[in-house]
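Chain letters run A, B, ... following the sequence lines, proteins first and then strands; every chain starts at 1.
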2 protein chains.
Amino acid sequence: MVDRTSGVPAYRQVADQLAAQISTGELAPGAPLPSERELVDLFGISRPMVREAVKLLRMRGLVDVEHGRGAFVRTPGQVVRLSRNRLTRAARSLNKGAFLGDADAAGFTPSVSVRVRVETADERVARLLEIEPGNEVLVRDRVMSANGLVVQLAVSRLPRDVTLGTALEEIETGPGGAYARLEQAGHVLVHFDETVSARMPSVEEQAQLQLPEAIPVIAVTRVAYTADRPVEMNDMVLAANRYELHYRLPAE
Amino acid sequence: MVDRTSGVPAYRQVADQLAAQISTGELAPGAPLPSERELVDLFGISRPMVREAVKLLRMRGLVDVEHGRGAFVRTPGQVVRLSRNRLTRAARSLNKGAFLGDADAAGFTPSVSVRVRVETADERVARLLEIEPGNEVLVRDRVMSANGLVVQLAVSRLPRDVTLGTALEEIETGPGGAYARLEQAGHVLVHFDETVSARMPSVEEQAQLQLPEAIPVIAVTRVAYTADRPVEMNDMVLAANRYELHYRLPAE
DNA sequence: GAGTGGTCTAGACCACCTT
DNA sequence: AGGTGGTCTAGACCACTCA
């Protein structure tokens with residue numbers, strides 16, 4: 001029953017009580033919440049207010065609702081740690097690209113679908129690749145899956161003059177991946193810049209990554225540099241409930 | 001007016017139409033949405049359904065609602081880029097710690113409130129610091145503000161044997177910050193490990209960081225290592241609408 | 001005081017899942 | 001068939017903001 005004198009909205013009281021039961025384990029992961037009609041009777045409030053309470057729990061990521069079945073305490077998924085320092089040449093030469101390498105390490109069956117196209121650089125792309133807006137860039141649009149589940153989206157862009165006449169314009173870049181082809185073409189990589197941010201997914205990303213509610217995405221933009229200039233940028237989008245990023249920094 | 005035959009819920013149609021107007025700029029950042037009663041008349045649906053539509057826009061981060069005033073298109077804030085490679089010794093010796101250094105770079109007035117206490121290590125802390133669970137750790141709990149606004153939470157923990165009898169147990173660690181004191185005490189830092197993840201904030205974090213709706217936090221756990229062993233771990237929580245992290249990785 | 005969003009009721013019917 | 005959640009109505013009153 002809710003306390004009508006406290007000034008706290010009834011639906012918040014219900015949400016808080018259920019949240020407390022979840023955090024104590026009284027409602028364990030996977031366990032069903034009482035049905036909405038049951039909560040109506042239990043707390044003596046109307047169904048719209050019960051639904052408001054459940055919606056709060058959904059937004060906090062505590063509960064998943066299945067139409068026709070019920071509401072269930074969310075079970076935390078397993079997090080994969082991505083070591084970003086794996087981009088180094090030694091590690092690269094061993095495998096066919098960063099993602100397939102991670103697959104070996106984490107023990108899942110990877111698959112990648114690639115689309116290749118040519119675009120003209122917009123303001124942001126031009127700035128990151130240090131070229132003129134409107135210049136041609138090769139775009140490699142990739143959807144990475146693990147065990148059939150989409151887990152990562154990546155779009156990489158390269159100045160067209162770097163890719164012309166190389167396997168980088170093909171679907172299959174060959175052994176060692178895109179970076180190997182770049183170095184083969186004389187573009188020796190010196191360092192990478194990675195910019196990491198987080199945000200809520202767009203509706204398209206949420207659908208593609210099959211994200212539960214209240215799960216943000218990690219957006220990583222990586223730029224690969226030779227001694228002279230940037231030769232590739234890569235926009236990655238990862239489900240934050242499945243990934244964490246790991247960096248090792250020297251104290252120098 | 002909504003299309004009753006499409007099968008798409010009325011509140012979604014309203015949300016999508018408003019979202020479209022926002023993305024085209026017809027409703028510019030800062031502009032007020034029509035009031036709920038106006039939307040009732042405009043679309044011919046009930047107020048609960050109008051509110052459902054507006055709630056969707058809030059959850060997508062498109063709109064901020066102010067009680068008694070109205071709903072307004074959200075204005076994107078300015079993002080501060082944190083260069084993580086600034087932890088290197090050369091950069092460190094120039095300033096009084098990472099946060100105060102960032103303040104200089106970004107041109108804001110910083111302030112830090114610190115609380116110091118002693119705890120016993122739980123399972124996670126023990127694992128990261130490579131000590132026994134139950135061992136004493138010194139905890140430095142910090143709230144960082146810029147221009148009076150809380151922008152960062154940080155909790156760092158150090159094995160007690162490292163801090164005993166040093167300024168690390170004081171509120172003020174002195175010039176160069178905590179890392180300078182560590183090295184002064186003979187703990188020469190060799191490298192840092194940073195693990196980056198993202199999630200929705202807890203209710204406390206949301207309040208403390210004054211986060212708008214639908215803004216995740218970036219959680220960074222940094223561990224500082226000497227040649228022998230870890231000597232500090234630092235759990236940082238950043239508002240994802242205000243920060244991005246930048247890492248530079250050598251291609252080796 | 002008039003307008004705004006916030007809370008709340010008591011229903012109705014639909015869509016989905018299970019047995 | 002009988003349970004679940006999803007959509008929807010037509011009201012009411014409260015809390016906040018601004019002129």
Side-chain angles (χ1 to χ4, degrees), chain A residues 1-18 27 30-74 203 206-207 212-214, chain B residues 1-18 27 30-74 203 206-207 212-214:
Chain A
M1 278 289 173
V2 299
D3 174 5
R4 242 67 218 240
T5 67
S6 70
V8 178
Y11 70 92
R12 280 216 49 166
Q13 293 184 43
V14 174
D16 290 346
Q17 286 192 38
L18 291 171
L27 282 169
L33 265 57
S35 78
E36 292 179 357
R37 273 96 174 165
E38 282 169 356
L39 290 170
V40 165
D41 296 340
L42 277 170
F43 289 94
I45 61 174
S46 65
R47 185 146 90 102
M49 289 305 103
V50 165
R51 286 182 59 75
E52 204 78 13
V54 173
K55 181 162 282 179
L56 258 184
L57 298 175
R58 297 170 64 163
M59 295 199 313
R60 293 187 200 162
L62 295 175
V63 150
D64 287 310
V65 174
E66 295 175 47
H67 190 177
R69 303 221 319 122
F72 304 87
V73 179
R74 182 179 289 179
V203 281
Q206 183 158 22
E213 290 180 308
Chain B
M1 278 290 172
V2 299
D3 174 5
R4 243 66 219 239
T5 67
S6 70
V8 178
Y11 70 92
R12 280 215 51 163
Q13 293 184 42
V14 173
D16 290 346
Q17 286 191 38
L18 291 171
L27 282 169
L33 264 58
S35 78
E36 292 180 356
R37 273 91 172 170
E38 282 169 356
L39 290 171
V40 165
D41 296 339
L42 277 170
F43 287 94
I45 61 174
S46 66
R47 185 145 91 102
M49 289 304 103
V50 164
R51 285 182 59 76
E52 203 77 14
V54 173
K55 182 163 283 182
L56 258 184
L57 298 175
R58 296 170 66 163
M59 295 198 314
R60 293 187 200 162
L62 295 174
V63 151
D64 287 309
V65 174
E66 296 175 47
H67 190 177
R69 301 219 322 122
F72 304 87
V73 180
R74 181 178 289 181
V203 282
Q206 183 158 21
E213 290 180 310

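For A/Tyr11, no side-chain nitrogen or oxygen approaches OP1 or OP2 of C/dC8 to under 4.0 Å. Applying the 4.0 Å criterion to OP1 and OP2 of C/dT9, one finds that A/Arg4 has a side-chain N or O inside that range.
Between the CD1 atom of A/Ile45 and the P atom of C/dT7 there is a distance of 12 Å, rounded to whole Å. In this structure, A/Glu38 atom CD and D/dG3 atom C1' are separated by 10 Å, rounded to whole Å. Nucleotide D/dC18 holds its C1' atom 13 Å from the CD atom of B/Glu66, rounded to whole Å. To the nearest angstrom, P of D/dC8 lies 13 Å from CZ of B/Phe43. Note: CG (A/Leu39) to P (C/dT9) measures 14 Å, nearest angstrom.
Side-chain atoms of B/Tyr11 and B/Leu56, non-hydrogen and from C-beta on, do get closer than 4.5 Å to each other. At a threshold of 4.5 Å between non-hydrogen side-chain atoms, the residues A/Pro34 and A/Leu42 count as touching. Considering only heavy atoms from C-beta on, B/Leu62 stays 4.5 Å or farther from B/Val73 through its side chain. Side-chain contact between A/Ile45 and A/Val2: present, with at least one pair of heavy atoms (C-beta onward) separated by less than 4.5 Å.
The side chain of A/Val65 approaches D/dG5 more closely than any other nucleotide in the set D/dT4, C/dC8, D/dG5.
Nearest-nucleotide positions on DNA chain C for A/Ser46 and B/Ser35 put B/Ser35 closer to the 5' end.
Residues that satisfy the salt bridge (Lys or Arg N to Asp or Glu O under 4.0 Å) test with B/Asp16, not counting sequence neighbours, are B/Arg12, B/Arg60.
Nucleic acid contact class of A/Arg12 (heavy atoms, under 4.0 Å, all strands): none.
By the 4.0 Å N-to-carboxylate-O rule, B/Glu52 lies too far from A/Arg51 to be salt-bridged with it.
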Could you go through nucleotides 11-19 of chain C and list every protein N or O atom that sits under 3.5 Å from one of its N or O atoms, giving the distance for each pair?
from   : atom 1 : to      : atom 2 : distance (Å)
C/dA15 : N3     : A/His67 : NE2    : 3.0

